[in-house]
Amino acid sequence: MTTTGNARARAERHEPAAYEPKWQARWAELRLHDTDLDDTSRERFYLLTMYPYPSGALHIGHWYIVTPTDAIARYKRMHGFNVFLPIGFDAFGLPAENAAIKNRINPRDWTETNMDNMRRQFRSMGATFAWENQLATCDPEYYRWNQWMFTKFMENGLAYRAVSPVDWCPNDGTLAREQVEGVDRKCWRCGAKVEKRELPQWYLRITNYADELLNFEGIDWPEPIRIMQTNWIGRSSGAEVVFKTAASDHHAGGEELRVFTTRPDTLFGATFMVLAPEHPLVGALTAPDRRAEVDAYLAAAAAKTEIDRLSADRDKTGVYAGSDAINPVNGARIPVYVADYVLGGYGTGAIMAVPAHDERDFAFARKYGLPIINVVMPRDADPEAVLESAFTEHTIDEVMVHSGPFTGRPAADAWREIVDWLRSEGLGDDAVTYRLRDWLISRQRYWGTPIPVIHCPDCGPVPVPEADLPVLLPDTVDYQGSGDNPLTRDEAFLAVDCPQCGRAARRETDTMDTFVDSSWYWFRYLAPHNDQGPVDPTLVEQWTPVDQYTGGAEHAVMHLLYSRFFTKAMRDLGLISQNEPFRRLFNQGQILGADGERMSKSRGNTVDPDDLVARHGADTVRLFLMFMGPWDQGGPWSPTGIGGVSKFLGRVWAIATDPHGREPSDPLSGQLPAGETEADARDRMRAAAHRTLRDVTVDYEGFRWNTMVAKLMELSNVLWRYRGTSVAGLPEWDEAVRLMLLMLAPAAPHITEEIWSRLLEARGEPWESIHVQRWPEVDERAVVEDTREIPIQVNGRLRDKVTVDVGISEIELEQIVVARDKVIAAIGAGKVVRIIHAGGKLVNVVVRG
RNA sequence: GGCGAAGUGGCGGAAUGGCAGACGCGGCGGUCUCAAACACCGCUGGGGGCAACCUCGUGUGGGUUCGAAUCCCACCUUCGCUACCA
C-alpha cells in the first residue's frame, strides 16, 4: 500500500528514551553479556579497558574509551567469539582520602557511593561488561593478594627497604620517580611541588627486569609507547673504569674511584674528574682549606633540587675538592671536582671528564680554565687544533691522537681495544647502566594496601606470615583534620608481636602505591573471589595474555611498564606462565575541554554525559564520539555536530519502521531517480549494502570508527532516496535494511535492538536479540559492476572521464580515450609518448612537445 | 636540547602513489508553517566566466615519478613526552 502526503504525520517519531532503558534492563535480566569463562567451545577473546578511578561520576572521556571498546566486544561476539569484557574500580588513592578529610567521612563510604553511581552510568551507555566478575581494589578480597605477592617478592629479593633521597610530595608523601612531572617537578596526581627527602622506603626491584623489558617481541604495541618505555629504561653500554685517588697532605690516597663512561676511547683525554654532590667520597677527598667552599656548594646543590631547576641556567657550576686522581692509562694526575651536573643516582655517581669530547665537560673546562686535550680527531685534522666546541664524532673516519699506544688507531676500533686492555690490567671492564630505577612503592597514606611488614627491634623488618593476611585497613580512623597518615596514631593497628621472636613489635604504616593494584588486576578479574591464591591458574592459562587492551597513553612509563614487570615477576614466582600482559594495545586519544585544556572540575570545562544522554539518547552519544575523528587522536570537545548523528539515527528509524513514507516537502519523493529503472534501483541497493558491509568490516577490524559511521551514513542516504518509491519493501530493500542494522548494532545497540524486535514482530517471528546474530557475509556478486567510470588524465592533469565496460581491453580503451574531444584538445600539437593504465582505475596520456 | 605525533575548506575530518575535500557540522537559498522551531529539498575550497569550462589549491622550499596530500631532503609551526643519564 502506498502512503501519501500525510505519511510523516502517521510515522512514529524516533524517541530513544522510549526504548533505551527498556533494553538495558532486558539485557541485564537475560544476562546476555555475562561470560561463561569455562566455555571452551568458542574461541576466547579477552578485551580489557583500563579500569576507572571512582572519582564520583563518569565524564565524557570515560565514554570515549568505553564506547568503542564495547563496540569491539559486540562485534567480536557477532563473529562467534566468547568475549570477556570485565570492569572494576581502581578504588584506592588520594582523592577518597581528601574527600574524607574534608567531609569527615570514611573514604570507604565515599568510594562505595561513587562506584554505585558510576555502575549506573555504565549501564546507561549500554556497555556490555561482565558484571559478575567486577572487582574493587579497596576490597580486602583484592588487596590481600597485593600483600601476599609483596611477601613473596620479599622472599625472592624483589622487594627491599632502603634509605635514599626520595621525591616527596607534601600531599601524597613519597612518589616514584616517574610520578614526578615536568621540569618544575610537580606531583603527577595533585600538582604540588615535589621535594627531596631522605627516608627508609620500600622498593620493588624492577631493574632486575630492565633488559627483558626492552624486548617487545610477540606483542603488538604502538611504536610511540615502545619508544617511550625504551627511553625510560635508558640502557647505555660502556665501560666502568677504576681510577685511584692520589696521595696528598690531607689524604693517604689509593682509594678506588669508579666511573662509568660510554666513551672509553676518550680515556686519554680525561683532564679532571667530577663527583656528584651525593658521592660517598666527597667528604674524604675534601682538603681542609677547601672544606668551607665545598660545604657551601653541597648546601647550595641540595637547595637547588628544591628550587626551580628550570631557571637552571644550564650553566655548569662546581668546586675543586682539593684532591687529585690518577688516570690509570697514563698515570696523569687530574683534579677532582664536585659538581651537580653529575647525578648521584646514575652510573657510579662519578665521571671522568673529557672536555674535548663531551659538551658538558667542555663547558665546565672552559669556565674553570681546565686543560682540554684532543684524543679523537678527523683523519686530516691538526691534533693540536684548539676546539671551539666538543668534538663528539667517533666513527671509522676519525683517528686517535695523544692516546699513548692507541695513537693512530681508528676511533671506531679504539673503543673495544681500550676496554680489552683495561680488563687485562684489571682496571676496568664492559659495563651497562640504566636510567630505570627501582620502583618506590611506599606511600605515607591511609587509603591504600597496608604494606604487610612488622618491624621488630631484634629481627628487623619481618613479612607478615601468609596465615595472618590480609593486614586489614582499620575502618575507623581519626584524621584529626590533618593530611598525615592516621595509621601512625592507631595503636590498635600498630601494636603487634613479632612473628619470628614473639616480642612486641610495630607494624609498618606505609601503604602501597596504587599502581601496585593495577599491575595485575586483569588476572584477578578471571576469579575475583578466589581465596586460594591471587589467580586461578587454569583460567589464567586459558584467557591471558589479554587479547586487546584499550586505554590512555599517559600511562606509558607507569602502569604499562609496571604491568609488564609484574607479569614477569609473577611468572618467576611460578604463578603464571605468561611473559607479557597485553598482546595488543591501543591508545585512544584524550578528549579535552572546549578550551583545549585537559578536562577537570577545577577548570570547569567538564562535559556531563548524563545530560547528553537525556537530550539525545545513549546511541547518539556513542555514535557521535566515534564519529568525531580517529580514535587515537582525541581532541577538544565540541558538541556541534551531535545533531547530525541524531538526524542519521532518525533516518535509520524512518527507513526501517516506515519504508513507504514520503517527504511532503520534496516534490520528487516517492519517484525513482530520473532515468533509473526499478531493476537498476534493486541492483544499486544490493551493491550499496554489500559494498558498505565489505568496507565497514575493515573499519571495525582497524577501530576506524569515524569512517565506519560515515559509510553507514552513506548507505542510509541511498536507502533514504529510495524510501517511498516502488522498490521500498522489495527483497533487496529488506536485505539492505537488515545489513544496515547488523552493521550498526555494535555501535548503536539500542536503536538496532528496538527496530530488530519490531521487524521480527511484524513478520510474526519470535524475538531473538540482534546482539546474538552472526555478522553477515559479503555477497561479492552484488558488489561487481558492469561498467566503470574511468578518469582520463593528460600529463597527470584530469581532463575527461569515460564510462566503459569493466572487461574492456587496454587497447580498446586507448582507442576510446584518444578519440575524446577533450583529450584531443588537451594533447594539442604535442605527441603522445605513452599511455599509462593504472590498474583499470585511471588512464594517463603522456604527451611531449 | 632530545624523542615522538601532527599540519588538508569557515569547523571536525576523508583520501597513505592514481578523480583532493567522502561523511558530518556550519553557512546560503528554498519547501512546509499564520509564524518560529523541527523536518525536508538544493547549493557551498579560492579566483575567472552567462555557460560548457579554465585556473590556483593539502604549512614552506626543493627532489623522485607518467602521476605526490601521500615517498625523499631541508626548513617553519603546533601538540605530547623527556630533560645535564656521562
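Numbers restart at 1 for each chain; the letters A, B, ... are given by sequence-line order, proteins then strands.
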Practice task
For the pair A/K711 and A/D695, find out whether any cationic side-chain nitrogen is under 4.0 Å from an anionic carboxylate oxygen.
Solution key: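 No salt bridge links A/K711 with A/D695.
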Problem - Carboxylate-amine/guanidinium contact A/D658 A/R723, below 4.0 Å - result: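 The answer is yes: the pair qualifies as a salt bridge.
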The side chain of [X] lies closest to which of these nucleotides: [options]?
| X | options | answer |
| --- | --- | --- |
| A/R360 | B/C19, B/C53, B/C84 | B/C84 |
| A/R13 | B/C38, B/C40, B/U82 | B/C38 |
| A/M228 | B/C81, B/A83, B/G24 | B/C81 |
| A/R797 | B/C81, B/C56, B/C25 | B/C56 |
| A/V846 | B/C19, B/C85, B/C66 | B/C66 |
| A/K647 | B/A20, B/C25, B/C84 | B/C25 |
| A/N844 | B/C40, B/A22, B/G67 | B/G67 |
| A/W720 | B/G18, B/C41, B/C85 | B/C41 |
| A/A710 | B/G12, B/C85, B/A22 | B/A22 |

Exercise for the section: Map A/R799 and A/R263 onto RNA chain B by nearest heavy atom, then report which one ends up closer to the 5' terminus. Expected result: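 Final value for this comparison: A/R799.
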Exercise for the section: Would you mind telling me which residue lines up with the more 5' stretch of RNA chain B, A/P224 or A/G347, judged by nearest nucleotide? Expected result: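 Looking at RNA chain B, the more 5' nearest nucleotide goes with A/P224.
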With [atom1] as the reference atom in both, quote the distance from [N] to [M] in angstrom, rounded to an integer.
| N | M | atom1 | result |
| --- | --- | --- | --- |
| B/G7 | B/G17 | P | 15 Å |
| B/C71 | B/U16 | C1' | 10 Å |
| B/G18 | B/U70 | C1' | 11 Å |
| B/C28 | B/C79 | C1' | 35 Å |
| B/C19 | B/U58 | P | 15 Å |
| B/A22 | B/U82 | P | 39 Å |
| B/G67 | B/G12 | P | 33 Å |
| B/U64 | B/A68 | P | 12 Å |

Are [X] and [N] close enough that a side-chain N or O sits under 4.0 Å from OP1 or OP2?
| X | N | value |
| --- | --- | --- |
| A/R662 | B/C32 | no |
| A/N717 | B/G24 | yes |
| A/Y434 | B/C85 | no |
| A/R704 | B/U16 | no |
| A/S236 | B/A86 | yes |

Nucleotide [N], atom [atom2] - distance to [atom1] of [X] in whole Å:
| X | N | atom1 | atom2 | answer |
| --- | --- | --- | --- | --- |
| A/M628 | B/C25 | CE | P | 16 Å |
| A/I836 | B/C66 | CD1 | C1' | 4 Å |
| A/W631 | B/A5 | CH2 | C1' | 18 Å |
| A/I227 | B/U82 | CD1 | P | 15 Å |
| A/N795 | B/G18 | CG | C1' | 15 Å |
| A/E359 | B/A83 | CD | P | 19 Å |
| A/R651 | B/C23 | CZ | C1' | 12 Å |
| A/M626 | B/G24 | CE | P | 18 Å |

Looking across every strand, which nucleic acid part, if any, lies under 4.0 Å from [X] by heavy atom: base, sugar-phosphate, or nothing?
| X | answer |
| --- | --- |
| A/R226 | nothing |
| A/E714 | sugar-phosphate |
| A/V342 | base |
| A/Q633 | sugar-phosphate |
| A/D361 | nothing |
| A/N231 | sugar-phosphate |

Practice task
Might you confirm whether atom NZ of A/K841 has over 12 heavy atoms from other residues, nucleotides or ligands at distances under 6.0 Å?
Solution key: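 Counting other residues, nucleotides and ligands, NZ of A/K841 stays at 12 neighbours or fewer.
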Handout entry: Heavy atoms from other residues, nucleotides or ligands near CD of A/E359 exceed 12 (cutoff 6.0 Å)
Key =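 Atom CD in A/E359 is not packed in, count stays at 12 or less.
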Complement of [N], any strand, by Watson-Crick or G-U distances under 3.5 angstrom:
| N | value |
| --- | --- |
| B/A39 | B/U31 |
| B/G45 | B/C56 |
| B/G12 | B/C23 |
| B/A5 | B/U78 |

Problem - Donor-acceptor pair under 3.5 Å, A/K841 side chain vs B/C19 base - result: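 Absent.
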Quick one: are [X] and [Y] in side-chain contact, heavy atoms under 4.5 Å?
| X | Y | answer |
| --- | --- | --- |
| A/R799 | A/I792 | no |
| A/N587 | A/W221 | no |
| A/W631 | A/T67 | no |

Practice task
Return the orientation label for the A/F364 and A/Y368 ring planes: parallel under 30°, perpendicular over 60°, tilted otherwise.
Solution key: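 It falls in the tilted class, 30° to 60°.
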Exercise for the section: Tell me whether B/G9 sits syn or anti, counting syn as a glycosidic angle within 90° of 0. Expected result: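 Syn, angle within 90° of zero.
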Practice task
Kindly confirm or rule out a cation-pi arrangement of A/R622 over A/W63, judged by NZ or CZ under 6.0 Å from the six-membered ring centre and within 45° of its axis?
Solution key: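 Not flagged: A/R622 not positioned over aromatic ring of A/W63.
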